[in-house]
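Proteins come first, then strands; the chains are lettered A, B, ... in the order of their sequence lines, and each starts at number 1. As the structure is a computational prediction, the values presented were derived from the model and not from experiment.
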There are 4 protein chains.
Amino acid sequence: MSGRGRGAVRSEVARVAVLQATAAQLAERGWDQLTIEGIAAAAGVGKPTIYRWWPSKSALIADALLEGILTPPSPVPGDTGDLRVDLVAWLDELLRLSADPESTALTRSLIAAAAEDEVVGRRLDAADPTSRVLTERLTRAHERGELAASASVEMIVDALIGAFVLRVLRRAVHAPGEAEALVETVLADQLG
Amino acid sequence: MSGRGRGAVRSEVARVAVLQATAAQLAERGWDQLTIEGIAAAAGVGKPTIYRWWPSKSALIADALLEGILTPPSPVPGDTGDLRVDLVAWLDELLRLSADPESTALTRSLIAAAAEDEVVGRRLDAADPTSRVLTERLTRAHERGELAASASVEMIVDALIGAFVLRVLRRAVHAPGEAEALVETVLADQLG
Amino acid sequence: MSGRGRGAVRSEVARVAVLQATAAQLAERGWDQLTIEGIAAAAGVGKPTIYRWWPSKSALIADALLEGILTPPSPVPGDTGDLRVDLVAWLDELLRLSADPESTALTRSLIAAAAEDEVVGRRLDAADPTSRVLTERLTRAHERGELAASASVEMIVDALIGAFVLRVLRRAVHAPGEAEALVETVLADQLG
Amino acid sequence: MSGRGRGAVRSEVARVAVLQATAAQLAERGWDQLTIEGIAAAAGVGKPTIYRWWPSKSALIADALLEGILTPPSPVPGDTGDLRVDLVAWLDELLRLSADPESTALTRSLIAAAAEDEVVGRRLDAADPTSRVLTERLTRAHERGELAASASVEMIVDALIGAFVLRVLRRAVHAPGEAEALVETVLADQLG
DNA sequence: GATTAATCGAGACGGTACGTCCAGTCTTGGA
DNA sequence: TCCAAGACTGGACGTACCGTCTCGATTAATC
C-alpha cells in the first residue's frame, strides 16, 4: 500500500502541459513536423521529462486522445425521430467541414498518426468523437426500432465514417446531394 | 524547330531507379522512416539528382503512383453473375489480407502519405487499384441491372473501401461474417 | 607543317576569358572560395572547357601568373643614387599598402595558393613583380658598387620580401620607422 | 553565488579530442582538404558538437595554436657564445628540414590558414615556436652585448623567418652556404 | 527536522538526415 | 574537333532533431 519510494512525485502540471502542447503542435504543424523538441519548448519542459514518461511521439498522441484533448471538430446528429433526415443533416455538416482544409488539418494528422503507429490506430477508433456520437444515435435508433433489427450499427458507422475519411484524404470538395446519396446507399431499406 | 535544347538530357535510367527505390523503401520502412538519402543510396543515385527533379518525398510517391509501381496487394472481384456473392468473397479476401500486418504495411504507408500531402491524396484515389477494380465490377453490375438503377456506384465504393481503410487503421483482426455484414449493409435491397 | 587535325581549334577567346575570370575571382573571393564553377560562369564558359585545358584551380592560377594578369599592387623603387633612401621609401610604401586589407587580399590569396600548390609556389617566386623590381634595383646597385661586392642580392631580397610577407600574414599595422629599421637591419654596413 | 549555470557542462574530453584531431588532420591532409566532417569522425564526435563551439575550421586551428598542439618541427638554436655560429647552425638545420616536403607540410598548411583567416594569422605569429626560440636567443645576445645595441631583434627575426617562409613556399632545395649567406646578410656588422 | 531519492529545467552529447553547393565526368547538339 | 549547356555521381557543407546523458535545484516521503 505504500508508495514505490521516497522522492519527488510526478508533476501533474508538466504532464498536462506536455499533452496540451502535443495537441496544439499536432493541429498546427501536422504529424510529420511534430517534434519532441518543439513540444518540450512549447510546454516549457525539458526533453528528458517527456522521454521519462512517454516512449515516442505516438505515445503522446495516444495519451492526448485518452485525455480527450485531441478531438477534431465534429457535429452531433440531431434526434428528430426521423433517422434519415438526422443522418443526412449530420453528414452534410461533416462533409462541409471536411471541405475546409483548416478544419481537416487535425483529422489528417490523426490519420497519419494512426497509419504510422499501431497504438494510436487502436485508440483513435475508440476516442474519435465523430464515430462515437454516430454510434450513439444509431444505437438509440436501433433500440427504438427506427432501424431494422437485422441492421448492423457497427457496419453502418464504418461505412459512413470510412467514406468521410476517404473524402478527407482525397481533399474532396463538398458536393450537394452527396450526403443524401451516401446515407441512401448505406441505409437503403434498413429503416424500420 | 524545337526549343533551346542544348546540354545533356535527363537520364531515364536514373528516373526509373529513383521511383522504384521509392516504392521499395516505402513498403519496407514506411512513410516516417522513408529518407531521401536512403532512396538515393538504394537507387545508386546522388541526392542532388533527386532534388533536381522532385521537391519532396511526397512528390516521389505521387510520381511512383502515376507510374503504377506502388500498388498494395489487392484481390480482384470475380464475376459469377451474383454480385452479392462476388462482393462478399472479394471483401472477405481483402479483409483477410488486411489482418496481416505485412500486407498492410504499404497500405498504411500510403494512407500516411496521403494524409500528409495533398497531391498524394488526390492522386492515390485515382491510382489505387483496389477501388478501381471494385468500381469496374460495380459499374458492370449497374449496366447489367444487377444493381438498382438508383444505386450510386461511387457511394458504394466509398463505403466499402472506407470501411476497409478504417479496419487497416485500427489493426482489426479478421472476424468471420464481417464481409457479409458489410456487404449486406451497403447493398441491402439495392440489388436489382 | 599543317595543323594537327580536323575540327575546331582551341578558342583563344575562351582561354583568356577563363584566366581573367580566375584572376578577378581570386582577388574578390580568395583561394578558399575560388570555385571552378564560379570561374566558368564569370567567363561565360562551360566547366568541361576548363577541365579540358587545366587540371585544377592551381593550374589556372599558375597560368594566370605566367600571363601576368595576377599581380598585386606593388610600388617601384626609385633610383636617386642613394640606395638606402630609395629602399626605405619603397619599403615604406609597400608596408603602407600592406596595412590596407583590400590591397593585401590578392597577396594573401596568392600566398595561400602557393602554400597549397607546389607549381604555384615555384612560379609565384619568379612572377611576383614586387621581388622582381627589387632584385633589379639591387642588381643595378651591386653593379654600380652602391652595394658591397660581397653582398648577396638574393639574400637581401629574400629578407626584405620575407619580412613583408610575414607582416601581411600577421595583419600588421604600418608602424612609422619600421621600413627604416628593416632596411638598416638588412643592409647594415653592406653599402659600398 | 555563481551565475545561472544550469544544465550539462561542456565536455573537456570532446574539446581536446577535436583540437587534437584538427592538428592531426591538418598535418596529414593540409588546409584545403581539411574537413569538419573528417575532424568530427577522427575525434569520435558529432558534427554539431564542433559547430556548437567553433564557427569555422579557422577557429579550430586558432584554438589548436593556443593550446600549443600545432607546432611544426623546429630546431632550437645553441648558445655557444658565438651568435654567428649558433645562428648559422640553427638556420642550416631549419633549411635542411624545409627541404623535406613532409616536414614542411604542416608549415605550409599553417601559412595557408594564416593567409585565409585573420585570427589565425594574428595568432600564428605569437604561437610559432620557431620565431619564439629565435627571438629568445637574439634577445639574450642583445642583453649580453653579442649584438650591437642599435640592432633590432624584431627585424632580424622577421628577416630570417621571412626568408625561411619564402623558401618553404617556393619549395627550395637546401643549397650549401645558404644559411651562412643569409645570416651574413642580416647580421653583417651588427655583431657586438 | 534532516536525509535522501526521484523529479524538474536546461542543455551538451554522439548521431542521422536534411537540403545545398561544388567537384569532376559525361552527354548532347550546334558551330 | 571544340564549344556551351547542363545532367550525372559523389562528398562535404552547416542545421534540425533524435534519444541519452549529466548537471544543479526542487520537492516530498521516510527516517
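Residue A:Ala14 places its side chain closer to E:dC8 than to any other of E:dC22, E:dC13, E:dC8.
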Using the salt bridge (Lys or Arg N to Asp or Glu O under 4.0 Å) rule, take C:Glu67 and C:Arg15 through it: C-alpha gap first, then chi angles, then the decisive distance, then the call.
CA-CA 11 Å; C:Glu67 212 79 346; C:Arg15 194 185 70 85; 2.9 Å; yes
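Distance, A:Ile50 CD1 to F:dC18 P: 9 Å, rounded to whole Å. At whole-Å resolution of the value, CG in A:Asp32 and P in F:dC17 are 13 Å apart. Per the geometry, CD belonging to A:Glu12 stands 13 Å off P belonging to F:dA28, to the nearest Å. Residue C:Gln33 contributes atom CD, which lies 15 Å from atom C1' of E:dA23 at whole-angstrom precision. A straight line from OH of B:Tyr51 to P of F:dT9 spans 15 Å, rounded to a whole angstrom. The CG-P distance, from C:Leu60 to E:dC22, rounds to 16 Å in whole Å. Rounded to whole Å, the distance from CD on D:Gln25 to P on F:dG11 is 16 Å. Taking atom CD1 on C:Ile36 and atom C1' on E:dC22, their separation rounds to 10 Å, with Å as the unit.
Electrostatic pairing of C:Lys47 and C:Glu37 counts as a salt bridge here, judged by a charged N lying under 4.0 Å from a carboxylate O.
Between C:Glu37 and A:Arg15, the residue anchored nearer the 5' end of DNA chain E, judged by the nucleotide with its closest heavy atom, is A:Arg15. Both C:Thr35 and B:Val9 lie close to DNA chain E; mapped to their nearest nucleotides by heavy-atom distance, the more 5′-ward contact belongs to C:Thr35.
Side-chain contact between A:Val45 and A:Ile39 is absent, with no heavy atoms from C-beta onward closer than 4.5 Å. Proximity of A:Leu124 to B:Arg170: side-chain heavy atoms (C-beta onward) are nowhere separated by under 4.5 Å.
Between A:Trp53 and E:dA6, a side-chain N or O to OP1/OP2 separation shorter than 4.0 Å is absent. Close to F:dT9, at under 4.0 Å from its OP1 or OP2, lies a side-chain N or O of B:Thr49. OP1 or OP2 of F:dC3 has at least one side-chain nitrogen or oxygen of C:Arg52 nearer than 4.0 Å.
Scanning atom types as modelled, no donor and acceptor separated by under 3.5 angstrom connect the side chain of A:Lys47 and the base of E:dG11.
More than 12 non-hydrogen atoms from other residues, nucleotides or ligands lie less than 6.0 angstrom from CD of B:Glu28.
No engagement by A:Gly38 is indicated, since no non-hydrogen atom pair under 4.0 Å with the nucleic acid exists.
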